[in-house]
Asker: 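Right, I'll just put the structure down here and ask away after.
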Amino acid sequence: MAEVLTAEAVRDRLAALADWTGDPAGISRTVQLGSFPEAIAVVGRVAEVAEERDHHPDIDIRWRTLTFRCTTHSAGGVTERDIDLARRIDEIVRSAR
Ligand SMILES: C[C@H](O)[C@H](O)[C@H]1CNC2=NC(N)=NC(=O)C2=N1
């Protein structure tokens, strides 16, 4: 099972993920899309990636604003799997804008 990163390791990884904040309990990013359908399309693409990886972010949907929170529930905190998922979410958001 993936190990929970230390606070220092999370800070280190977040230095390369400019839009994300967090700590060993979880990392999150809020993003506003152009419209509700665009936001839902992003959620759909993130859902595909999450299913492929069997690793799922918590997602809050408020009209066209999405908040993604990544933590590994089975490990009780942030692991490298969450860092990888955050990078993929960034790619999906980038290509949707
Ligand atoms: C059985 C299956 O592997 C688990 O339930 C997966 C599914 N997706 C998951 N996603 C996340 N973020 N954390 C988990 O611990 C997790 N567990």
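In each ligand, atom 1 is the first atom listed, and ligand 1 is the first ligand listed. This chain uses plain numbering: 1 for the first residue, then up along the sequence.
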Asker: Provide the closest heavy-atom pair for Cys70 versus Ile89 in the form atom of the first, atom of the second, distance.
Answerer: SG-CD1, 4.0 Å
Asker: Check each atom of ligand 1 against the heavy atoms of Ser74 and keep those under 4.0 Å away; list them by number with element.
Answerer: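 Ligand 1 atoms under the 4.0 Å threshold to Ser74: 14 (C), 15 (O).
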Asker: Does this structure show an ion pair linking Asp60 with Arg69, if we count only N-O contacts that are shorter than 4.0 Å?
Answerer: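 Looking at Asp60 and Arg69, the cut-off is not met.
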Asker: Does a donor on one side chain sit under 3.5 Å from an acceptor on the other, for Thr30 and Thr67?
Answerer: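 Yes, Thr67 and Thr30 have a side-chain donor paired with an acceptor closer than 3.5 Å.
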Asker: For atom 12 (N) of ligand 1, which candidate among Asp54, Thr71, Asp58 provides the closest heavy atom?
Answerer: Thr71
Asker: Which heavy atom of the protein is the closest neighbour of atom 14 (C) of ligand 1, given with residue, atom name and distance?
Answerer: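 Closest protein heavy atom to atom 14 (C) of ligand 1: His73 N, 3.6 Å.
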Asker: Output yes when Asp84 and Arg87 qualify as a salt bridge under the 4.0 Å nitrogen-oxygen rule, no when they do not.
Answerer: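 Yes, this pair counts.
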Asker: So which heavy atom in the protein is nearest atom 8 (N) of ligand 1, and how far is it from that ligand atom?
Answerer: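 In this structure, atom 8 (N) of ligand 1 has His56 ND1, 2.7 Å as its nearest protein heavy atom.
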Asker: Regarding Asp82 and His55, do their side chains bring together a donor and an acceptor under 3.5 Å, going by distance alone?
Answerer: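 Asp82 vs His55: donor-acceptor pair found between side chains.
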Asker: Counting only non-hydrogen atoms of the protein, does one fall under 4.0 Å from atom 16 (C) of ligand 1?
Answerer: no
Asker: Please indicate, with yes or no, if any protein heavy atom is found under 4.0 Å from atom 10 (N) of ligand 1?
Answerer: yes
